[in-house]
Each structure stands twice: as structure tokens, then as C-alpha cells.
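In what follows, every heavy atom counts, from backbone to side chain, and hydrogens, waters and symmetry copies are set aside.
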Amino acid sequence: MSGDSLEEQGLPKVPDLELARLYFQATCSAYSETEREDARKTVLETVREKNYAPFYEHLCVEWKFEADEELLSAMKAENKKQLEKLDESVRDAEENLGETEVRDALIAKAEYLCNIGAKDEAISALRVVYDKTASVGSRLDLVFYQLRVGLFFMDDDLITRNIEKAKSLVEEGGDWDRRNRLKVYEAIYAMSVRDFKQAAANFLDAVSTFTSYELMDYKTIDRKSG
């Protein structure tokens, strides 16, 4: 997805934070045993259906179960096939097309890595795109990608470093939409570390001009800020 498309259509739901919510629900004692088990089943079904091999390996470690090696091998093979296609698109763009097409191809690869749960590879791929991006707005969009990866895995270091980077870029010239969007990201992180006062303040600041549908729908933020 190109930089222009990101502005016109909003940011993509990459990675899928609804899957992250279910991942959290599956082990949270605040939910009933039935709710936790239902969430666990939904997460595993999604992972199998969409061939999220790296995230499956992560689940094996976190949830302490033995991997289905046949399933894992099949998912890895599918990931490899898709990544080879994406790499070919990058090469074609570099050899035959312009800078915009190269950037779009690199973003497509980074999005795929985000979706399958290849955290480190996704962050590396996003940084490659960042280095090829000139405008402050488009750079902020790439930082928001990294924030979503951080929120998906609740990686405090990745989140806090990118919040600070986003704040710096906003001061350089971020538009009102991105300034507002950053407040929602900060609010969600504040909630995760139980700073509910700060979370409520940021949600209230953002609710009247909410556009961060890549994180949650309007009803959710309205409920959190109320």
C-alpha cells in the first residue's frame, strides 16, 4: 500500500490487534475458563488457516505445548513461497520501476512479515522502508506500524522507543490526524501498564476526531473515554 493510500484510506490493520486481544484473553485470569479456551481455539485456528508459522512457534513457547511438526513445516513452506514472490516484486520494482513502486513492494513484504508474526524480520523490513522515505507524514506511518507490532507482542522497549520517535516526528511537522493518532497509541500503551489516568486523558483528547481504526472501532474508544 502506497503512502498516498495510507493517507486516503487510513492505516491498515497490520498486524491484526484483534488476534492480539484474543491471545491476551486466552491466558488472562479475568476471563472465565470457557472464555479463555474459546479465545485459545480461535487464535490457533487463525494461525493454522493463515499460515502464521512464526507466531505459531511463539505460541508453542508461551503456551508451553509441543509443536505439530507437520503443520509447522507446511506453514513455513507457504511463508517461504510468499516471501520469495514478495522479494521478486521488490527486485522487479528496483530494476524496472520507480522509487514509489520500490517502496510499495517493500511495504508489502513488511506487512506480510508483520502478519505472520515474524517480529524481528518485520521491524528490520520496516526500517529499510523508513530509510527510503523522505516525508515526515509517511515516516510517522511507518513508526505506527512498528508501534502496532510492539503492541501485538507487548514489547515495552519497542513501544516506548517508537512513541518517542513518533513524538519527535510530530514536532517536526506531523499533521493533526497523526498527532491525534499518536494520542490513541499512547493511551493504549498507558492502559497496558495500568496508567488509567493518562489513558483516559489521551482517549478524551482523541475521541472527537478519532481515525485510528487500525487499533479499534469508535464504539470501543468512546467506551474507554467515557
Side-chain angles (χ1 to χ4, degrees), residues 1-17 19-20 47 49-58 72-153 155 157-159 161-170 172-175 177-178 181-182 185 211-215:
M1 181 177 290
S2 70
D4 290 342
S5 295
L6 291 179
E7 293 182 23
E8 293 167 3
Q9 301 174 18
L11 301 186
K13 294 181 179 181
V14 175
D16 182 1
L17 294 182
L19 183 62
V47 166
E49 288 171 5
K50 298 188 176 182
N51 295 301
Y52 291 170
F55 189 50
Y56 179 73
E57 291 180 298
H58 176 79
L72 181 57
S73 179
M75 291 194 294
K76 284 184 173 181
E78 178 62 23
N79 293 166
K80 181 181 179 182
K81 183 172 83 172
Q82 294 303 320
L83 285 167
E84 286 173 350
K85 289 181 180 178
L86 291 163
D87 283 336
E88 179 57 35
S89 295
V90 172
R91 283 192 295 272
D92 179 60
E94 289 173 339
E95 294 170 5
N96 303 305
L97 302 170
E99 291 182 4
T100 299
E101 290 81 7
V102 171
R103 185 174 178 274
D104 288 349
L106 289 168
I107 288 176
K109 179 180 178 180
E111 286 186 345
Y112 184 75
L113 290 165
C114 288
N115 277 326
I116 65 175
K119 183 177 74 169
D120 293 341
E121 293 89 341
I123 294 302
S124 294
L126 288 167
R127 287 172 179 161
V128 169
V129 186
Y130 186 94
D131 290 341
K132 294 179 178 292
T133 301
S135 75
V136 170
S138 294
R139 283 192 160 200
L140 268 166
D141 291 341
L142 291 163
V143 172
F144 289 139
Y145 268 109
Q146 294 184 60
L147 276 167
R148 293 197 296 282
V149 174
L151 290 167
F152 188 96
F153 287 98
D155 183 327
D157 181 62
L158 184 59
I159 295 167
R161 282 191 290 108
N162 279 285
I163 283 176
E164 291 308 309
K165 184 184 289 187
K167 286 180 177 179
S168 177
L169 287 168
V170 161
E172 285 183 35
D175 57 28
D177 176 76
R178 291 180 174 91
R181 196 180 297 274
L182 178 56
Y185 282 79
T211 59
S212 301
Y213 298 105
E214 74 277 12
L215 298 175

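Atom CD of Glu94 is surrounded by more than 12 heavy atoms from other residues, nucleotides or ligands within 6.0 Å. Residue Lys165 qualifies as enclosed at atom NZ: its count of foreign heavy atoms under 6.0 Å is above 12.
Between Glu111 atom CD and Lys109 atom NZ the span is 13.5 Å, to the nearest 0.5 Å. Separating the CD1 atom in Ile107 from the CG atom in Leu126 is a distance of 8.5 Å, to the nearest 0.5 Å. In this structure, Asp141 CG and Asp177 CG are separated by 8.5 Å, a value rounded to the nearest 0.5 Å. To the nearest 0.5 Å, the span separating CD1 on Ile123 from OH on Tyr145 amounts to 12.0 Å. With values rounded to the nearest 0.5 angstrom, Phe55 atom CZ is found 11.5 Å from Asn115 atom CG. The distance from atom CZ of Arg139 to atom CG of Leu169, rounded to the nearest 0.5 Å, is 7.5 Å.
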| message | Is there a side-chain contact (heavy atoms from CB on, under 4.5 Å) between Leu11 and Arg181? Walk through the geometry before answering. | response | CA-CA 10 Å; Leu11 301 186; Arg181 196 180 297 274; 3.6 Å; yes
Inset, instruction - Report the C-alpha distance between Tyr112 and Asn79 in whole Å, list the side-chain angles of each, state the deciding distance to 0.1 Å, and finish with yes or no for side chain to side chain donor-acceptor pair (under 3.5 Å). - result: CA-CA 9 Å; Tyr112 184 75; Asn79 293 166; 3.0 Å; yes
CA sep, side-chain torsions, deciding dist, call: Tyr185, Leu151, side-chain contact (heavy atoms from CB on, under 4.5 Å): CA-CA 9 Å; Tyr185 282 79; Leu151 290 167; 4.0 Å; yes
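Salt bridge Lys81/Glu84: absent, no basic N to carboxylate O contact under 4.0 Å. In summary, Asp87 and Arg91 do not engage in a salt bridge, as defined by a charged side-chain N under 4.0 Å from a carboxylate O. Using a 4.0 Å cut-off between charged nitrogen and carboxylate oxygen, Glu57 and Lys76 count as a salt-bridge pair. No salt bridge links Glu88 with Lys85; every basic N to acidic carboxylate O contact stays at or beyond 4.0 Å.
Under the 4.5 Å side-chain criterion, counting only non-hydrogen atoms from C-beta, Leu158 is not in contact with Phe153. At a threshold of 4.5 Å between non-hydrogen side-chain atoms, the residues Ile116 and Asn51 do not count as touching.
The shortest non-hydrogen separation linking Leu113 to Ala125 is CD1-CB, 3.9 Å. The two residues Pro15 and Cys114 make their nearest non-hydrogen contact at CB-O, 3.7 Å. In terms of heavy atoms, Ala166 sits closest to Leu182 at CB-CD1, 3.7 Å. In terms of heavy atoms, Ile159 sits closest to Leu147 at O-CD2, 3.4 Å. Residues Gly173 and Val136 approach most closely at C-CG1, 4.1 Å, considering heavy atoms.
No donor-acceptor distance shorter than 3.5 angstrom exists from the side chain of Arg148 to the backbone of Lys13, with no hydrogens or angles considered.
Listed by first and then second residue, the salt bridge (Lys or Arg N to Asp or Glu O under 4.0 Å) pairs involving residues 117-126 are Lys119-Asp155 (not counting sequence neighbours). Applying the side chain to side chain donor-acceptor pair (under 3.5 Å) test to every pair with at least one member in residues 123-134, sequence neighbours left out, gives these pairs: Arg103-Thr133.
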